[in-house]
Enquirer: 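First the structure, then my questions, so here it is.
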Protein chains: 2
Amino acid sequence: MSIEIKMSLNDGLYLREPQDSKLGRNIIQSSILLIDEFGFESFTFKKLADRINSTEASIYRYFENKHLLLLFLVNWYWEWVHYLIHFNTMNVEDPRKKLKIIIHSFVSASKDNPSVDYVNESKLHNIVISEGGKAYHTKDVDDENSKGFFLSYKNLATTVSIVISEINSDFKYPFALATNLFEMSNNHIYFAKHLPKLTDISVKENDVNEVENMLNYFTDKLLAD
Amino acid sequence: MSIEIKMSLNDGLYLREPQDSKLGRNIIQSSILLIDEFGFESFTFKKLADRINSTEASIYRYFENKHLLLLFLVNWYWEWVHYLIHFNTMNVEDPRKKLKIIIHSFVSASKDNPSVDYVNESKLHNIVISEGGKAYHTKDVDDENSKGFFLSYKNLATTVSIVISEINSDFKYPFALATNLFEMSNNHIYFAKHLPKLTDISVKENDVNEVENMLNYFTDKLLAD
DNA sequence: TGAAAATGATAGTAAAGCTATCTTAAAAAA
DNA sequence: TTTTTTAAGATAGCTTTACTATCATTTTCA
C-alpha cells in the first residue's frame, strides 16, 4: 500500500482524470514508455492500446488526442519539478544557494526520484528533453494558452524568477533567464547526446554534472553586481 | 532577368535539387507560405500540390517526405544567416563589434533581405522560430546527423563560437553560448508572441529590438573578463 | 441488488502518407 | 531537326493514422 501522490493539473487537459483509475494510470505509465522508446511522431493510441491490452476507444475517453496527452505529461513533469524545487529549497534563506539548489533539482530531477509508482520520472525527463518543445510549438498555442494549459510552466518560471530577482533586483530579465535555464538545460543534454558539435559539454552515462556547472557559471556571471 | 542565388545544401536532403527547376522552386516557395500559415502538423504534400497545381507524386520526386522538406528549409535558412553574417562582418576587426553585428544579423535577418525571389525570408524566419526545433527533435537525429543534415547549423555555430573565443579566450562554453544565442532568440520571439509570461521582452509589430538588447546584455556580461 | 458508470469489442470513415504505372510535355543530344 | 532522355501530370491504389459511433459487458457503489 503506497502513498498516492496526485498532481492537480488543468482539467481541460483530459476528458477523464487519468490519475483516478487503473486504466488511466496505465495510459500514463505506458505512454511514457512508448514515447520514450519510439518518439512522439510514431507514437499512436492504437499502439498504446495494444500495449496495455485495451482499445483505442477507451484511451480516447481519457484524452482527446495524443497532443493533449503529451501536454498532460509535460505539465505533470513541470509540476513535479516545481514540487521538488519547493521541497529542496525549504528553509534555505540565501537566494544564491536557492538558485543552485533549483538548478540541481531540475537538471538531475530524475535521479532524486520521489517516485510516483506509475510514472517513470527518468523517462519522462527524457521525453521533456526530446519532445517537450512540441507541447507548445503548435498552431493552437494561443487557444491552449488561453485555457491555461501552460500554467504549470509559467508558475515554475515565476518561482525561479523571484529567486533571481532576490539575488539581483536590478537584473532586467528574470523570466527570460528562468526559462532559458530550463530550455538550455534540456537543449544541451539533448545536444550532448545527439549533436555534440553544438555544445561544449558532454553527458556520459546520464551524468549531467557538466550541464549543471555550465548553468551555474552562466547565472553567476549574469547575476554578478 | 534576376541573379539566381543558389544555396548549396547537403544533397541527401532532397531527391531532386529543387532550386534547379520551376516546380522545385514552386515547392520551396509555397511550402514556406503554407507551413507559415497552417503550421507544420497540418501541412501536407496534398495541400501543397493543390496550391501549386501539381500532384503529390510530383512533390515526392523532390522530397522523401515533409520532414525532409522542413530540414531543407531550415538548412537553407541557416546557410542564409551564415551568408548574412559573413557579409556583414567583412572587414570588421574588433570581435566585440563582430558579435554585435552577428546578433543583429540573425535577430533581424528577415529585414535585411538579400532576397531570393522564391523564398520569403521573413516567413521562413517565422517557420524557424515556430517549427525549427522539430527539424532535429526526431527519433532519426542520429542517423540524419551522420548523413550531415545538420552541418549548416554546426558551421554557423562554429563561426560564432570563434568570435566568442576571440573576445574571451578563457570562456569555457563558446559553442553552447553560440547555439544558445540562436535558440534563445527564437524562443523569446516566440514567447513574446504566444506565451508572454515566459519572458520579459516584448515584440510589437515584429520589432525585435528588445530581443537584440537582451542578447547583447547577456553576451556582454558573460564574456566580461 | 440494481442502476450508473467505465471498459471492451467491433465497425466504420476521412484523411495522411506513401508507391506504382502510364501518358504527355519539355529539354537535351544526336 | 529528329530522336531520346528526362521531368511532370494524371490516375489509382494501398496502408496507417486519427478519430467516432454503437452495443455488449463489467465494475463500482448507493
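Below, chains carry the letters A, B, ... as their sequence lines are ordered, and counting in each starts from 1.
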Enquirer: Out of dG8(C), dA20(C), dT21(C), which has the shortest distance to the side chain of Arg61(B)?
Expert: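 In terms of side-chain proximity for Arg61(B), the closest of dG8(C), dA20(C), dT21(C) is dT21(C).
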Enquirer: For Asp117(B) versus Gln29(B), what's the shortest heavy-atom pair and its separation?
Expert: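 Distance-wise, the nearest heavy atoms are O-NE2, 4.0 Å.
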Enquirer: Side chain of Leu23(B) only, heavy atoms from C-beta on: which candidate in dT7(C), dA10(D), dG9(D) is closest?
Expert: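 Nearest to the side-chain atoms of Leu23(B), counting from C-beta on, is dG9(D).
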Enquirer: So, applying ring-ring contact (aromatic ring centres under 6.0 Å, His included) with Phe72(B), which one of Tyr62(B), Phe63(B), Trp78(B) is it?
Expert: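 Answer to the ring-ring contact (aromatic ring centres under 6.0 Å, His included) test with Phe72(B) among Tyr62(B), Phe63(B), Trp78(B): Phe63(B).
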Enquirer: What does Lys47(A) touch in the nucleic acid at a heavy-atom separation under 4.0 angstrom: a base, only the sugar-phosphate, or nothing?
Expert: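 Answer is sugar-phosphate: Lys47(A) comes under 4.0 Å of backbone atoms only.
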Enquirer: Would you indicate, yes or no, if dA8(D) has its OP1 or OP2 atom less than 4.0 angstrom from a side-chain nitrogen or oxygen of Ser21(B)?
Expert: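 Yes.
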Enquirer: Under 4.0 angstrom, heavy atoms only, what part of the nucleic acid is Tyr62(A) near: base, sugar-phosphate, or nothing?
Expert: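 Counting heavy atoms under 4.0 Å across all strands, the contact made by Tyr62(A) is with sugar-phosphate only.
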Enquirer: Roughly, in whole Å, what's the span from CG in Asn53(B) to P in dT11(D)?
Expert: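 Asn53(B) atom CG is separated from dT11(D) atom P by 14 Å.
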Enquirer: Kindly point out which of dA16(C), dA9(C), dA8(D) is positioned nearest to the side chain of Ser58(B)?
Expert: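 Between dA16(C), dA9(C), dA8(D), the one nearest the side chain of Ser58(B) would be dA8(D).
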Enquirer: Would you kindly give the CG-to-P distance between Asp20(A) and dA5(C), to the nearest whole Å?
Expert: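 From Asp20(A) CG to dA5(C) P: 16 Å.
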Enquirer: Would Lys66(A) and Phe40(A) count as a cation-pi pair here, with the cationic atom under 6.0 angstrom from the ring centre and within 45° of the axis?
Expert: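 Pair Lys66(A)/Phe40(A) counts as cation-pi.
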Enquirer: Would you call the rings of His188(A) and Phe191(A) parallel, tilted or perpendicular, taking 30° and 60° as the class edges?
Expert: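 Taking Phe191(A) first and then His188(A), their aromatic rings stand perpendicular (interplane angle over 60°).
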Enquirer: Of all heavy-atom pairs between Leu84(A) and Ser105(A), which one has the smallest distance, and what is that distance?
Expert: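 Nearest heavy atoms, Leu84(A) then Ser105(A): CD1-O, 4.2 Å.
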Enquirer: Using only side-chain N and O atoms of Arg16(A), determine if any of them is under 4.0 Å from OP1 or OP2 of dT7(C).
Expert: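 Affirmative; the distance criterion is met.
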Enquirer: Given dC19(D), dT19(C), dG8(C), identify the nucleotide with an atom nearest to the side chain of Tyr60(B).
Expert: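 Given the options dC19(D), dT19(C), dG8(C), the side chain of Tyr60(B) is closest to dT19(C).
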Enquirer: Would you call the rings of Tyr136(A) and Tyr153(A) parallel, tilted or perpendicular, where under 30° means parallel and over 60° means perpendicular?
Expert: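 Parallel, since the angle between the ring planes stays under 30°.
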Enquirer: Nearest-Å distance, OH (Tyr14(A)) to P (dA6(C))?
Expert: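 Rounded to whole Å, this separation is 13 Å.
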Enquirer: Please determine if Lys197(A) forms a cation-pi arrangement with Phe175(B), meaning its NZ or CZ atom is less than 6.0 Å from the six-membered ring centre and no more than 45° off the ring axis.
Expert: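 Lys197(A) over Phe175(B) ring: no.
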Enquirer: Can you list, by residue number, the residues of residues 32-46 of chain B that have a non-hydrogen atom closer than 4.0 angstrom to DNA chain C?
Expert: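 By residue number: Thr44(B).
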Enquirer: I need the CG-C1' distance between Leu68(B) and dG17(C), as an integer number of Å.
Expert: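 After rounding, the gap between these two atoms is 14 Å.
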Enquirer: Between dA16(C), dG8(C), dA10(D), which nucleotide has the shortest distance from any of its atoms to the side chain of Thr55(A)?
Expert: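 Of all the options, the side chain of Thr55(A) is nearest to dG8(C).
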Enquirer: Nearest-Å distance, CG (Asn65(A)) to C1' (dT20(D))?
Expert: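 Going from CG in Asn65(A) over to C1' in dT20(D) covers 14 Å.
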